[in-house]
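Input: a single structure, listed below in structure tokens.
Proteins come first, then strands; the chains are lettered A, B, ... in the order of their sequence lines, and each starts at number 1. Quick note: numbers below take in every heavy atom, side chains included, and nothing from hydrogens, waters or symmetry partners. This one's a predicted model, so the numbers in the text were calculated from it and none came from an experiment.
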Protein chains: 2
Amino acid sequence: MKLSKTEEQVMQYLWKLEKAFMKDILTEFPQPKPATTTVATLLKRMIDKGFVNYNLYGKSREYYPLIKKTDYFSKHVNGLIKNFFNNSASQFASFFTSETNLSVTELEELRKLIDSQIKEQKK
Amino acid sequence: MKLSKTEEQVMQYLWKLEKAFMKDILTEFPQPKPATTTVATLLKRMIDKGFVNYNLYGKSREYYPLIKKTDYFSKHVNGLIKNFFNNSASQFASFFTSETNLSVTELEELRKLIDSQIKEQKK
DNA sequence: AAAAAACCTCTACACTTGTAGAATAAAATT
DNA sequence: AATTTTATTCTACAAGTGTAGAGGTTTTTT
């Protein structure tokens with residue numbers, strides 16, 4: 001099961017806030033804010049899909065994500081990789097470095113990261 | 001305008017084949033193949049969306065993509081980056097290296113690529 | 001030429017998504 | 001306590017998607 005674009009947006013807020021009441025979520029939305037009922041519908045759907053749950057405090061619900069952002073995201077990226085690069089992450093990586101416009105600084109940072117990854121894995 | 005998941009699949013075949021008659025596209029699909037009419041519908045929608053066009057050879061159409069895979073893909077990835085990493089490609093990159101499981105060899109390859117990118121940009 | 005296969009458009013239909021009003025209940029404010 | 005605000009569920013509806021049949025035309029095969 002997958003979240004739709006807008007549901008993903010709500011998810012982002014939940015990941016950011018960790019726990020949130022309806023009100024908090026609405027606060028996060030930029031103008032023009034959607035109707036409360038819209039967000040309520042989304043949350044309900046997300047609960048149905050198993051991505052969100054809530055705790056009851058008295059009678060108000062404090063919503064929280066059931067999946068970690070990184071987990072959700074890896075699945076996402078892996079789907080992308082599978083879809084576009086015949087499942088080759090390295091092919092994707094090479095595409096990525098050449099096609100997104102990272103600055104030299106960012107590239108150097110990235111190289112540093114890769115180096116530490118390599119060291120990590122060689123252990 | 002965006003392609004749906006299945007349309008993307010057809011697009012993949014078109015990118016691979018470069019040009020293709022209906023028959024060629026159907027051949028690409030793994031079992032169980034969709035009905036011809038299904039693919040026809042998809043192609044029509046893709047034409048409407050402006051992603052595909054065709055040449056007439058006698059009375060049969062040879063379909064071809066109007067957008068390059070890399071172009072389509074960068075848009076895609078950039079959307080992803082915007083969505084998940086507040087528009088920071090480097091943040092995405094760092095996530096990417098740590099969360100996808102690239103082997104040491106692949107990482108080293110990637111580092112090589114980055115190095116040449118850096119050189120490229122410093123010119 | 002007759003039959004079979006291929007292909008295109010139209011139509012259809014169920015499911016998902018974006019969006020929100022109506023109705024209701026509960027909570028907060030005056 | 002009365003009013004206003006907030007939250008929740010139901011209902012709704014248009015647009016998009018996955019899937020394919022019916023009908024018509026063309027091309028290929030027998």
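- The ring-ring contact (aromatic ring centres under 6.0 Å, His included) test applied to B/Phe73 returns A/Phe84, A/Phe85, A/Phe92, A/Phe95, not counting sequence neighbours.
- Straight-line distance from the CG atom of A/Leu42 to the P atom of C/dT16: 15 Å, rounded to whole Å.
- Here the P atom of nucleotide C/dG18 and the NZ atom of A/Lys44 are 17 Å apart, to the nearest Å.
- For the side chain to side chain donor-acceptor pair (under 3.5 Å) condition, the pairs that include at least one residue of residues 109-118 of chain B, sequence neighbours left out, are A/Arg111-B/Asp115, A/Asp115-B/Arg111.
- The aromatic rings of B/Phe21 and B/Tyr57 stand perpendicular to each other, their planes meeting at an angle above 60°, with 30° marking the opposite boundary.
- Nucleotide C/dC7 holds its P atom 15 Å from the OH atom of B/Tyr54, rounded to whole Å.
- Summarising the geometry, the separation between CE on A/Met46 and C1' on C/dG18 is reported as 14 Å, rounded to the nearest angstrom.
- Rounded to whole Å, atom P of C/dG18 lies 19 Å from atom NZ of A/Lys33.
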Are there any protein N/O atoms within less than 3.5 Å of an N/O atom in nucleotides 14-17 of chain D, and if so, which ones and at what distance?
from, atom 1, to, atom 2, distance (Å)
D/dT17, OP2, B/Lys49, NZ, 2.9

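- Every side-chain contact (heavy atoms from CB on, under 4.5 Å) that B/Lys5 has, sequence neighbours left out, goes to A/Asn83, B/Glu8.
- A heavy-atom distance below 4.0 Å to DNA chain D is reached by none of the residues of residues 17-29 of chain B.
- The aromatic rings of A/Phe51 and A/Tyr72 stand perpendicular to each other, their planes meeting at an angle above 60°, with 30° marking the opposite boundary.
- Proximity of B/Tyr63 to the phosphate of C/dC8: a side-chain N or O atom is located under 4.0 Å from OP1 or OP2.
- Pairs engaging residues 17-39 of chain B under the salt bridge (Lys or Arg N to Asp or Glu O under 4.0 Å) rule: B/Lys16-B/Glu28 [sequence neighbours left out].
- Residues meeting the side-chain contact (heavy atoms from CB on, under 4.5 Å) test with A/Thr41, sequence neighbours left out: A/Arg45.
- The CD1-P distance, from A/Ile47 to D/dC10, rounds to 12 Å in whole Å.
- Taking B/Glu108 as the reference, A/Lys122 meet the salt bridge (charged side-chain N to carboxylate O under 4.0 Å, His left out) condition, with sequence neighbours excluded.
- A/Thr36 is linked by a side-chain contact (heavy atoms from CB on, under 4.5 Å) to A/Met22, A/Leu26, counting only residues two or more places apart in sequence or in another chain.
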Anything under 3.5 Å between a protein N or O and an N or O of nucleotides 21-30 of chain D, put it in a table, one pair a line.
from, atom 1, to, atom 2, distance (Å)
D/dG21, N7, B/Thr37, OG1, 3.3

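- Residues passing the side chain to side chain donor-acceptor pair (under 3.5 Å) test with A/Lys49 are A/Glu7, sequence neighbours excluded.
- The hydrophobic cluster containing B/Tyr64 also includes B/Leu66, under a criterion of side-chain heavy atoms closer than 4.5 Å among ILVMFWY residues, counted directly or through chains of members.
- Across the protein-nucleic acid pair, B/Leu43 atom CG and C/dC7 atom C1' stand 11 Å apart, rounded to whole Å.
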